[in-house]
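This report refers to the structure that appears directly beneath it.
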Protein chains: 2
Amino acid sequence: MANSQTLIADRITAAMGSMTSSEKRAARMLLARYPAIGLESVTAFAEQAEVSAPTVLRFITKLGFGGYPDFRRALRDEIDESRKFPLTRPRSENLDAGSDFGNELLEVVRATLAELDTGLVEQVIELFSDERRTVNILGGDLTTTVAGHLLYHLRKMRRSVFELPEMVQERSDRLIDLGKKDIVVLFDVRRYQEDVVTTARIAAQRGCTIVLFTDQWMSEASEVATHVFRAKIETSSPWDSLLGLTAIVEAIARELDRRLWSVVRPRLEAVERYKLNLLAQKEADPSSERHR
Amino acid sequence: MANSQTLIADRITAAMGSMTSSEKRAARMLLARYPAIGLESVTAFAEQAEVSAPTVLRFITKLGFGGYPDFRRALRDEIDESRKFPLTRPRSENLDAGSDFGNELLEVVRATLAELDTGLVEQVIELFSDERRTVNILGGDLTTTVAGHLLYHLRKMRRSVFELPEMVQERSDRLIDLGKKDIVVLFDVRRYQEDVVTTARIAAQRGCTIVLFTDQWMSEASEVATHVFRAKIETSSPWDSLLGLTAIVEAIARELDRRLWSVVRPRLEAVERYKLNLLAQKEADPSSERHR
DNA sequence: TCTCCTGTGTAATGTATTTTTCAGATTCTG
DNA sequence: CAGAATCTGAAAAATACATTACACAGGAGA
């Protein structure tokens with residue numbers, strides 16, 4: 001069907017004139033329960049419209065479809081289209097609001113957190129709490145910054161936290177040394193990167209625990225991941241949002257801190273002391289005292 | 001309205017843990033083309049997910065359906081439901097994800113965006129639109145990741161975007177060359193870093209335009225900055241949140257894209273072509289085609 | 001290395017669904 | 001009010017489909 005632009009619903013209205021009375025009954029039922037009823041069987045459709053199956057069939061033939069399967073395929077395509085809408089939307093139209101976009105960003109965070117599995121968070125906290133395990137973090141093109149955010153928190157709170165090299169050659173060298181005790185944390189969202197998926201597979205083969213942060217469509221890496229976080233990343237903007245992933249990372253960081261604060265606190269103080277020694281100068285800004 | 005509470009999509013997420021890797025592939029395909037693909041035949045579903053029909057069948061059984069027809073009926077019901085309510089997702093129940101830390105994170109984004117000055121955004125967009133100006137970006141310890149996020153977007157959309165080196169010695173060398181045409185973008189939040197403030201002062205002295213991203217208490221750098229964005233960063237967690245800053249960055253990126261899309265579009269396509277040449281391999285994953 | 005076990009696809013089976021045929025019902029027309 | 005034209009649905013025929021049975025593959029553990 002070439003004209004995906006023309007909604008099938010519109011075709012019905014147009015063709016209504018040349019319909020017999022029974023066929024009109026079918027048409028009305030289709031419009032009433034559009035498009036779901038078209039996805040049932042001919043028989044079910046016919047029963048609900050209180051006509052016979054052949055009548056329904058003649059009806060959809062008049063609409064210009066080759067047969068019932070053809071008609072259903074068109075309906076499914078329409079559903080697919082409507083899902084894609086935010087992506088393929090003609091760029092020009094709504095000049096209106098930055099505040100509208102603000103709501104979308106809020107929605108990204110809300111939707112992500114709403115679907116966040118707290119049990120999963122618990123499990124991952126458990127993993128991160130074990131300092132005998134090494135943590136290796138890798139992000140993709142877009143997600144490397146969120147990966148960095150997680151890296152930041154973990155590095156402050158515990159030892160043995162590393163980032164996997166972006167360069168594939170270097171990375172291969174590192175992957176060799178991974179084992180069952182190692183945790184590999186990967187970030188991969190749509191426009192999924194082959195090298196990240198491959199890294200996941202290798203890590204899986206080596207028996208690593210794999211924590212994956214991905215989007216609602218899920219990277220292939222999820223096939224081998226032991227723990228998968230899903231975030232919403234889609235907005236009306238052509239650029240995907242990292243807010244959802246960032247929110248998850250921060251929620252994890254906060255929980256980990258609660259769990260480990262008795263260990264983390266002295267660690268941070270020690271770091272602070274060393275830092276001062278390194279800089280060999282005293283802290284000047286009094287307003288910086290408030291944090292921690 | 002009976003089972004409208006449990007979206008099938010949510011059930012998938014929940015059951016994801018107990019899925020085998022092939023089943024996960026089926027799950028991902030369902031989420032990617034949700035719900036249309038579920039309305040095709042098992043065989044068609046299986047083919048597109050690149051698994052066998054029985055695998056798809058086992059998958060939907062694990063989701064708790066009695067059989068494939070049962071599953072499809074559920075999908076149709078969902079479509080019917082969504083027709084009745086304008087919003088695609090039943091505006092949800094308990095959105096706080098079990099903890100009210102989620103609400104705090106939401107509040108960070110909300111409060112930040114509420115105070116975002118759209119006039120200021122306009123001005124900065126104007127700055128970034130001018131490709132004769134060089135953009136130099138620098139983040140602090142925590143904020144270097146958001147800085148990276150801005151860097152990512154600007155770099156995709158225009159030329160002459162650089163990051164200032166973290167290392168102070170290197171950085172000094174670069175600062176020497178800055179002039180009136182240059183834009184310096186700084187990120188500095190509490191635990192303000194002296195080196196960032198100093199960088200701001202030097203840049204100001206050299207006549208640069210300075211765009212500062214800071215928190216509600218405002219870095220000292222704001223004294224010399226020409227444009228200042230303020231984000232909320234505080235939560236009940238001891239670790240500050242980057243969600244506010246990230247939201248501002250993404251809002252700016254989106255606006256810049258709208259303004260420049262006629263330039264950006266061909267640029268991205270060109271980049272894509274070069275990338276393919278570099279990799280010298282054809283795209284394998286069809287699901288990655290959809291974005292952009 | 002062998003054995004078990006889980007996961008997976010092929011192929012056969014039985015069931016549901018579409019499509020066709022055709023006869024009865026209805027409406028229209030002279 | 002005939003008689004033709006059109007419409008409609010029951011039932012058979014043809015097709016597509018979901019489901020099951022089974023065997024092979026590959027990894028885990030002894």
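In what follows, every chain begins at residue 1, and chains take the letters A, B, ... in the order their sequences are listed.
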Report, one pair per line, the protein and nucleotides 28-30 of chain D atoms (nitrogen or oxygen only) whose separation is under 3.5 Å.
none

Sorted by chain and residue number, the salt bridge (charged side-chain N to carboxylate O under 4.0 Å, His left out) partners of A:Arg133 (sequence neighbours excluded) come out as A:Asp130
Quick one: what's the B/S/- string for nucleotides 4-22 of chain D, heavy-atom cutoff under 4.0 Å, read 5' to 3'?
---SBBB------SSBB--
For residues 139-148 of chain A, tabulate all N or O donor-acceptor pairs below 3.5 Å that involve a side-chain atom, not counting sequence neighbours.
from, atom 1, to, atom 2, distance (Å)
A:Asp141, OD2, B:Lys156, NZ, 2.8
A:Thr143, OG1, A:Gly140, N, 2.7
A:Thr144, OG1, A:Glu166, OE2, 3.0

Sequence neighbours excluded, the answer for ring-ring contact (aromatic ring centres under 6.0 Å, His included) partners of A:Phe128 is none
Could you give all pairs that pass the salt bridge (charged side-chain N to carboxylate O under 4.0 Å, His left out) test and reach residues 17-30 of chain A, with sequence neighbours left out?
A:Glu23-A:Lys62
Quick one: salt bridge (charged side-chain N to carboxylate O under 4.0 Å, His left out) partners of A:Arg259, sequence neighbours excluded?
A:Glu126
Could you list where the contact with chain B starts and ends along DNA chain C, reading 5' to 3', using a 4.0 Å heavy-atom cut-off?
C:dG7 to C:dT10
Qualifying salt bridge (charged side-chain N to carboxylate O under 4.0 Å, His left out) pairs, either residue in residues 206-216 of chain A, two or more places apart
none
Inter-residue atom distance A:Thr214.OG1 - A:Ile233.CD1, 0.5 Å rounding
7.5 Å
Taking only residues two or more places apart in sequence, or in another chain, which ones meet A:His227 in a side chain to side chain donor-acceptor pair (under 3.5 Å)?
A:Gln123
Among residues at least two apart in sequence or on other chains, which ones pass salt bridge (charged side-chain N to carboxylate O under 4.0 Å, His left out) with A:Glu170?
none
Give every donor-acceptor pair under 3.5 Å between a side-chain atom in residues 34-43 of chain A and any protein atom, sequence neighbours left out.
from, atom 1, to, atom 2, distance (Å)
A:Tyr34, OH, A:Glu78, OE1, 2.3
A:Tyr34, OH, A:Glu78, OE2, 3.4
A:Glu40, OE1, A:Gln48, NE2, 3.1
A:Glu40, OE2, A:Arg33, NH1, 3.3
A:Glu40, OE2, A:Arg33, NH2, 3.2
A:Ser41, OG, A:Ala44, N, 3.1

